[in-house]
Amino acid sequence: MNFTFEIHSCLRQNVRSLGIPYSGSAAKNFYMKRTHHCNELRPAHIGQTITLSGWVHSRRDLGGLIFIDIRDREGRTQTVFDPSDLPKELFVQAASLRSECVVSVTGKVRQRPAGTNNAKIPTGEVEVGVVALEVLNMAEVLPFPVDDPEIASKVNEELRLQYRYLDLRRPEMARNLKLRSKVAIATRSFMDEQGFLEVETPTLFKSTPEGAREFLVPNRREAGTFYALPQSPQQFKQILMVAGIEKYFQLARCYRDEDLRADRQPEFTQVDIEMSFIDREDIYALIEGLIKKVWKTALNLDVPTPFKRISFEEALNRYGIDKPDTRFGMELVDFTEDFKASTFKVFSGAIANGGVVKALNAKGLAGATQGQLETMTEYAKSFGAKGLAFIKVEKGADGATVEWKSPIVKFFTEAEKAALTTKLAIQEGDLILFAADQWLTACEILGKIRLYCAEVLKTQGKLVIPADQFNFLWVIEFPLLGFDREQNRWYSSHHPFTAPVADDIPFLKTDPKKVRGQHYDIVVNGVELGGGSIRIHQPDVQKTIFEELLAIPPEETKLRFGYMLDAFKYGAPPHGGIALGFDRLIAILCGTPSIRDVIAFPKTAKGTDLMTDSPSSVSAKQLRDLYIEVKVKKPETATPPAA
RNA sequence: GGGGGUGUAGCUCAAUUGGUUAGAGCGCUGCCCUGUCACGGCAGAGGUUACGGGUUCGAGCCCCGCCACUCCCGCCA
């Protein structure tokens with residue numbers, strides 16, 4: 001009671017000294033400042049008078065006694081309004097509070113009565129006996145609950161994005177943002193310890209229409225010219241190496257105007273890194289150190305290093321994908337030799353055409369439904385295959401012997417069957433799936449099916465992957481170039497600045513397909529976390545790549561990359577770098593499949609922001625200033641003339 | 001650009017084969033309640049079944065269109 005008086009008289013004094021009339025507890029500009037966060041109070045605080053500020057998380061009104069849990073960013077604490085200690089009006093005010101009102105509460109920390117501790121929250125041994133309440137703001141009834149994690153996590157994402165400020169109040173979302181901040185800071189401090197400089201690069205850049213579609217920004221000062229938002233700071237960071245920065249990093253915002261996915265947003269953040277006078281090993285060691293520190297900071301886990309390395313070719317051969325999830329087996333097995341002379345023409349014919357036969361054993365999936373087999377067949381067809389060959393290994397009709405149920409087994413010889421049994425370790429209950437096609441296609445078909453089978457086995461409880469298992473992997477020795485049949489020309493598998501492996505340089509002009517790039521991807525649990533390369537630092541090699549292999553006309557090369565080739569003439573050090581997808585990194589650490597859950601204000605699958613309703617149309621004057629004429633117009637919502 | 005899924009009360013979901021007045025839990029409003037923490041009890045309000053057409057005696061359900069969200073393919077040097 002006395003304390004209440006003290007606070008109010010103190011407020012009054014403060015207000016008077018500023019010459020502002022004080023209107024009691026309704027004063028808007030001054031309030032009781034918090035002394036503790038809502039996750040802080042423990043038995044050690046018993047007896048202290050403290051102040052909490054935050055939101056009404058939940059209210060339990062027992063009539064003669066009211067419990068209110070106050071929540072702030074850090075946690076929550078139970079406060080008790082007991083009419084025997086309080087002025088009546090204060091108790092009435094407490095009864096009128098509803099979820100998410102903003103309050104400051106002052107009271108005495110006390111032990112909870114025996115048997116009423118709440119083991120679910122860290123502050124559950126104590127409570128605050130309220131002596132003063134200040135309502136800082138009322139809240140309307142919410143469009144969805146933020147206090148119940150079970151319901152809140154199921155709320156339609158559309159609604160969550162529209163009221164993102166409410167969604168972010170949920171402790172689960174607050175935790176994600178907190179972890180993101182911690183990791184960003186750990187990254188900066190690690191890079192600083194390693195001698196890197198954080199340099200900001202422009203986000204108003206030049207259009208370089210290789211690769212992803214760009215966001216364009218019209219230039220008001222010269223009609224018909226545009227900036228582009230960078231897809232990555234690639235060129236700038238290489239120029240910084242020419243500039244002698246030696247070790248650069250940046251938490252860089254990047255923009256790509258491509259369709260979205262759960263793990264792709266039109267703007268995203270990458271940990272962008274570049275170093276001079278290094279080779280691939282230096283990058284591996286640096287990133288392994290960074291990951292170690294990040295995992296320790298975020299999850300208190302010790303990540304073993306160095307990471308395993310696997311070549312692109314081996315990754316495809318064993319897992320059918322260049323970002324393998326190695327937390328489970330089900331590897332692909334090659335049967336090209338075994339079926340070379342098979343009477344089953346689908347197999348032997350593919351081999352005669354220069355293709356391969358591969359198979360995988362989905363252990364325990366013999367009971368696959370017709371629908372599941374159809375889904376897998378669709379995957380195969382999407383790669384151009386005619387169908388999907390399979391064998392269900394099940395108990396025979398007699399209940400004792402094991403039978404291979406499949407439309408194709410009748411074509412197999414005993415030797416072929418024996419090869420399958422041995423190499424795939426076939427047992428009752430297995431499902432064997434085949435791909436017979438060109439090497440890459442066959443691998444990719446089974447790679448896709450392998451992941452699908454794992455999903456099915458997971459839902460059936462036959463495959464269990466611990467949540468804290470992180471299989472890091474370097475994928476290396478990618479082909480430098482791919483060939484586009486339709487356009488009849490070579491393209492960079494990654495980007496045109498990637499240096500060829502030194503031993504392969506002679507093949508550049510004779511057999512480009514054979515040239516491996518000094519490129520590396522860092523993969524964890526089937527997710528591509530990042531990638532990079534040692535760059536070309538000799539202008540003549542770079543020119544060869546641009547003009548002879550990528551067949552970009554010299555004038556165009558000059559127009560688009562001239563400044564870079566120029567820079568390289570004046571002493572470019574050997575250099576290389578890497579970029580890690582920061583949003584994906586945080587999503588993995590948070591255990592969520594969608595990066596929207598780790599971005600404060602993400603966009604929907606159509607690239608809109610439901611809270612601000614952007615993108616939106618602009619005024620005719622704005623368009624005129626930018627020399628822009630809009631040809632296709634969205635029908636405007638007609639404003640009815642005023643009555 | 002293409003394929004799949006979803007859309008019913010403020011929220012999460014039901015609604016048999018197309019058949020009476022579209023239900024439940026939570027939330028909300030009112031009343032009661034001094035140890036709750038998913039408080040409890042009683043009562044009540046709340047619906048253009050996303051939207052626009054169509055078929056039918058009759059549509060939440062079937063058909064066509066359209067919008068939004070979502071997952072995937074293409075795309076993402």
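We name chains A, B, ... by the order of the sequence lines, and we start the count at 1 in each one.
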Under 4.0 Å between any heavy atoms, over every strand shown, what does [X] touch: base, sugar-phosphate, or nothing? Just pick one.
| X | value |
| --- | --- |
| A:P496 | base |
| A:R535 | nothing |
| A:T608 | sugar-phosphate |

When rounded to the nearest Å, what value does the distance between [atom1] atoms of [N] and [M] take?
| N | M | atom1 | answer |
| --- | --- | --- | --- |
| B:U29 | B:G10 | P | 15 Å |
| B:C76 | B:A9 | P | 41 Å |
| B:G30 | B:A45 | P | 15 Å |
| B:C63 | B:G7 | P | 15 Å |
| B:G46 | B:G52 | C1' | 26 Å |
| B:G5 | B:A24 | C1' | 25 Å |
| B:G4 | B:C62 | P | 16 Å |

*Give every residue pair that meets the side-chain hydrogen bond (donor to acceptor under 3.5 Å, both in side chains) criterion with at least one member in residues 537-557 of chain A, sequence neighbours excluded.*
A:E556-A:R560

*Pairs where residues 151-160 of chain A contributes a residue and the test side-chain hydrogen bond (donor to acceptor under 3.5 Å, both in side chains) is met, not counting sequence neighbours*: A:E157-A:R596, A:R160-A:D167, A:R160-A:D597

Side-chain donor/acceptor contact of [X] with base of [N] under 3.5 Å:
| X | N | answer |
| --- | --- | --- |
| A:R98 | B:G27 | no |
| A:R264 | B:C76 | yes |
| A:E127 | B:G35 | yes |
| A:R112 | B:C37 | yes |

May I ask you to evaluate whether [X] reaches the phosphate of [N], defined as a side-chain N or O under 4.0 Å from OP1 or OP2?
| X | N | value |
| --- | --- | --- |
| A:R596 | B:C71 | yes |
| A:K606 | B:U70 | no |
| A:S232 | B:C76 | no |
| A:T604 | B:C69 | yes |
| A:K448 | B:C72 | no |

Quickly work out the [X] [atom1] to [N] [atom2] distance and round it to whole Å.
| X | N | atom1 | atom2 | answer |
| --- | --- | --- | --- | --- |
| A:D257 | B:G1 | CG | P | 12 Å |
| A:E374 | B:G3 | CD | P | 18 Å |
| A:D263 | B:C75 | CG | P | 16 Å |
| A:F383 | B:G3 | CZ | C1' | 15 Å |
| A:F81 | B:C39 | CZ | P | 16 Å |
| A:E140 | B:U29 | CD | P | 12 Å |
| A:R261 | B:C76 | CZ | C1' | 9 Å |
| A:K381 | B:C73 | NZ | P | 19 Å |

Pairing donors with acceptors under 3.5 angstrom, does anything connect the side chains of [X] and [Y]?
| X | Y | value |
| --- | --- | --- |
| A:H37 | A:D72 | yes |
| A:D613 | A:S616 | no |
| A:T201 | A:Q250 | yes |
| A:R110 | A:H45 | no |

Any chance the rings of [X] and [Y] have centres within less than 6.0 Å?
| X | Y | answer |
| --- | --- | --- |
| A:F582 | A:F268 | no |
| A:F205 | A:Y227 | no |
| A:F81 | A:F91 | no |

*asked:* A:S84: which residues meet the side-chain hydrogen bond (donor to acceptor under 3.5 Å, both in side chains) condition with it, sequence neighbours left out?
replied: A:D82

*Contact residues, residues 62-73 of chain A to RNA chain B [heavy atom, < 4.0 Å]*: A:L62, A:G63, A:G64, A:L65, A:F67

*For RNA chain B, find the residues of residues 152-159 of chain A with a heavy-atom distance under 4.0 Å and give them by number; none if there aren't any.*
A:K154, A:V155, A:N156, A:E157, A:E158, A:L159

*asked:* Can you work out whether A:V80 or A:A262 has the more 5'-proximal nearest nucleotide on RNA chain B?
replied: A:V80

*asked:* One character per nucleotide, please: for nucleotides 44-49 of chain B, 5' to 3', B when the base has a protein heavy atom closer than 4.0 Å, S when only the sugar-phosphate does, - otherwise.
replied: ------

Any strand counts, and the cut-off is 3.5 Å on both contacts for Watson-Crick or G-U wobble. Which nucleotide pairs with [N]?
| N | result |
| --- | --- |
| B:G7 | B:C67 |
| B:U36 | none |
| B:C13 | B:G23 |

*If you check every side-chain atom of A:V141, which of B:C11, B:G27, B:C37 has the closest atom?*
B:G27

*asked:* Using a 6.0 Å cut-off, check whether atom NZ of A:K458 has over 12 heavy atoms from anything other than its own residue.
replied: yes

*asked:* Here's one to test your reading of the geometry: is the NZ or CZ of A:K237 within 45 degrees of the ring axis of A:Y248 and under 6.0 Å from its centre?
replied: no

*How are the rings of A:Y163 and A:Y165 set relative to one another: parallel (under 30°), tilted (30 to 60°) or perpendicular (over 60°)?*
perpendicular

*Spell out, as yes or no, whether a donor-acceptor pair under 3.5 Å connects the side chain of A:R256 to the backbone of A:E214.*
no

